[in-house]
Amino acid sequence: MSDCIFCKIAAGDIPSATIYEDDDFRVILDLGPAAKGHALILPKEHYANITEMPDELLGKAMVLAKKVVTYMMKALPCDGYNVVQNNGEAAGQTVFHFHIHLIPRYKNDGVGVTWKPGELTDAWKQEIMEKTKGLRGE
Ligand code: 5GP
Ligand code: ZN
């Protein structure tokens, strides 16, 4: 995609702080980090979101997330990690080129990758169980 900033970064046409690169992915430091070491896994091919990602590449992306997190836990070091992946504007996606956020967490860092827990009502449960029958092949 010629007008996609992450395509240009992934291709190396726009410089970035690249902490890892292979044939399929570039892992860069986020320009607006939630915490020190916040990185993004970018596929080199353009896919807008998780639903567009080919299964094999998506699997590779998660394996790479594990590799980077495992390394960085010791290298930074940090106390935990959020692995976050936003799809759609409503979910906070601002760059429509698939990416995985790797956010290091430090004890009492106050970083807000969280939500206020609601309650699973019987009505919601029944509705969702009904709507997911196809998912289970029922
Ligand atoms: P999203 O909100 O789409 O899940 O995440 C987009 C992320 O990309 C944000 O965390 C933002 O800080 C980061 N970002 C946006 N533009 C650039 C850029 O040009 N370079 C880098 N390194 N990060 C960017
Ligand atoms: Zn792109």
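For ligands, and for the atoms within them, numbers begin at 1 and follow the listed sequence.
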Check ligand 1 against I9 and write out every atom of the ligand that is under 4.0 Å from a heavy-atom position of the residue.
-> 18 (C), 19 (O), 20 (N)
Report, as yes or no, whether the 6.0 Å neighbourhood of atom CD on E138 holds more than 12 heavy atoms from other residues, nucleotides or ligands.
-> yes
Hey, would you say the H99 and H97 ring centroids sit under 6.0 Å apart?
-> no
Per-atom contacts, ligand 1 versus G32 - under 4.0 Å to a heavy atom = 12 (O)
Nearest-0.5 Å distance that lies between atom CD in Q85 and atom CG in L102 | 11.0 Å
Could you state whether V95 and I9 fall into the same hydrophobic cluster, counting links through intermediate Ile, Leu, Val, Met, Phe, Trp or Tyr residues with side-chain heavy atoms under 4.5 angstrom apart?
-> yes
With a 4.0 Å cut-off on heavy atoms, does G92 reach ligand 1?
-> yes
Honestly curious: do L64 and L76 fall in one hydrophobic cluster under the side-chain, below-4.5 Å linking rule?
-> yes
Structural part of I14 in contact with ligand 1, heavy atom criterion under 4.0 angstrom | neither
Judging by distance only, is a nitrogen or oxygen of L40 under 3.5 angstrom from one on ligand 1?
-> no
Tell me, do L40 and H101 make a side-chain contact under 4.5 Å, heavy atoms counted?
-> yes
For atom 7 (C) of ligand 1, which candidate among T18, I5, V95, D30 holds the nearest heavy atom?
-> D30
Is the closest side-chain heavy-atom distance between E52 and N49 below 4.5 Å?
-> yes
Answer with side chain, backbone, both or neither: which part of N86 has a heavy atom less than 4.0 angstrom from an atom of ligand 1?
-> side chain
Going by distance only, is there an N or O of L29 that falls short of 3.5 Å from an N or O of ligand 1?
-> yes
H101 neighbourhood, listing ligand 1 atoms whose heavy-atom distance to it stays under 4.0 Å = 1 (P), 4 (O), 5 (O), 7 (C), 10 (O)
Is E45 atom CD crowded by more than 12 heavy atoms from other residues, nucleotides or ligands, each under 6.0 Å away?
-> no
Looking at H97, pick out the N, O or S atom nearest to the Zn ion (ligand 2) and give its name.
-> ND1
Starting from atom 21 (C) of ligand 1, find the nearest protein heavy-atom neighbour and note its residue, name and distance.
-> L31 CG, 3.5 Å
Out of curiosity, is F6 lining ligand 1, as in a heavy atom under 4.0 Å away?
-> yes
In H46, the N/O/S atom nearest the Zn ion (ligand 2) carries the name ND1
Is it the side chain, the backbone, both or neither of T94 that has a heavy atom closer than 4.0 Å to ligand 1?
-> both
Does some side-chain heavy atom of Y20 sit less than 4.5 Å from a side-chain heavy atom of I41?
-> no
Should we say atom CG of N108 is surrounded by more than 12 heavy atoms from elsewhere, each under 6.0 Å from it?
-> no
Looking only at heavy atoms of H99, does any of them come nearer than 4.0 Å to an atom of ligand 1?
-> yes
